[in-house]
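One-based numbering, in listed order, for ligands and for the atoms of each. Remember, predicted model here, so these are calculated numbers, not experimental data.
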Amino acid sequence: MIDVLVTRKHTEAEGICSFELTALDEQPLPPFSAGSHIDVHLPNGLVRQYSLCNHPEERHRYLIGVLLDPTTRGGSQAMHDQVQEGSRLRISEPRNLFPLEHAAAYSLLFAGGIGITPILCMAERLAQAGADFELHYCGRSEERTAFIERIRRSGFGDRVQFHFDSGEASQRLDAPEVLSAPAADRHLYVCGPSGFMDFVLSTGREQGWAEAQMHREYFSAAPLATENLGSFEVQLASSGQCIQVPADRSVAEALLEAGIEIPLSCEQGICGTCLTRVLEGEPDHRDMFLTDAEHARNDQFTPCCSRSKSARLVLDL
Ligand code: FES
């Protein structure tokens, strides 16, 4: 954990604020690579993940961007309403689940809305390395699109195409055209609302892109279907104890009620913090952290959101 001070809070666009965080002890912050995020412990007790969007060589600050989303569970509201310049926060060290493939000959970056945050950091890194890339930044309108000025003033502004829903049809993202030339040394990266990401990824598949060359980071999960959820039991391999998981509880909640605490962060199947080994049984995977191939192995699952297809799961706990 790192104690930080909010040294700047700035409105970047309609509904989007950036927060500059510096270490309370004024020491350099831990280094990070492009695509990294931090956990932010909010004043209301929630923990949320935010991507770092400053230059990855900076050690004197972290910069995050937060979209006010009244439909979420209160994380962005707390950042906008309760966190001001001078506020103190606790954050985790940066973790990177969305790293760049540095061997790529060409990188295509796609950002939808606030999904620009990790993508901007990647663009900074690629530009600094002299790598070949292009960035497509889609937003509803110029007023609701963050960091436009920073991008225009950057040394890589000519590699960025803005696509606004409110603009003329000719400037909209033509994804089939942009993705028409997959190659073994080309990689694409996408971050944004899940509908936008699904659109880019499904277009990539249609155009022949391999899964291994399409990299994604979800910043919030689509609401899980809660109808027809069944109950099942989990067994702890160490003690043999069996714990019932009712339809209205997650595995993590049922474990906690039984006094077994597992590390949690996003609680939406995005971050992988709760990943637990499965020794027997077939999980019903509902996360976006593991790949399809990892899901198919059925040897680990995310108890914050995933469930079970079999009557019992034996967990390596
Ligand atoms: Fe993030 Fe489970 S806590 S995936």
Crowding at CZ, Arg152 (>12 non-hydrogen neighbours, <6.0 Å): yes

Plane angle bin for His295 and His285 - parallel if under 30°, tilted between 30 and 60°, otherwise perpendicular: parallel

Polar side-chain atom of Gln213 near backbone of Arg186 as donor-acceptor pair, under 3.5 Å: yes

Geometric class of the Tyr137/Phe162 ring pair [parallel <30°, tilted 30-60°, perpendicular >60°]: tilted

Mutual orientation of the aromatic rings belonging to His163 and His136 [parallel < 30°, tilted 30-60°, perpendicular > 60°]: parallel

Protein residues having a heavy atom less than 4.0 Å from any atom of ligand 1: Ser265, Cys266, Glu267, Gly269, Ile270, Cys271, Gly272, Cys274, Cys304

Face-on cation placement of Arg125 at Phe133 ring, 6.0 Å and 45° thresholds: no

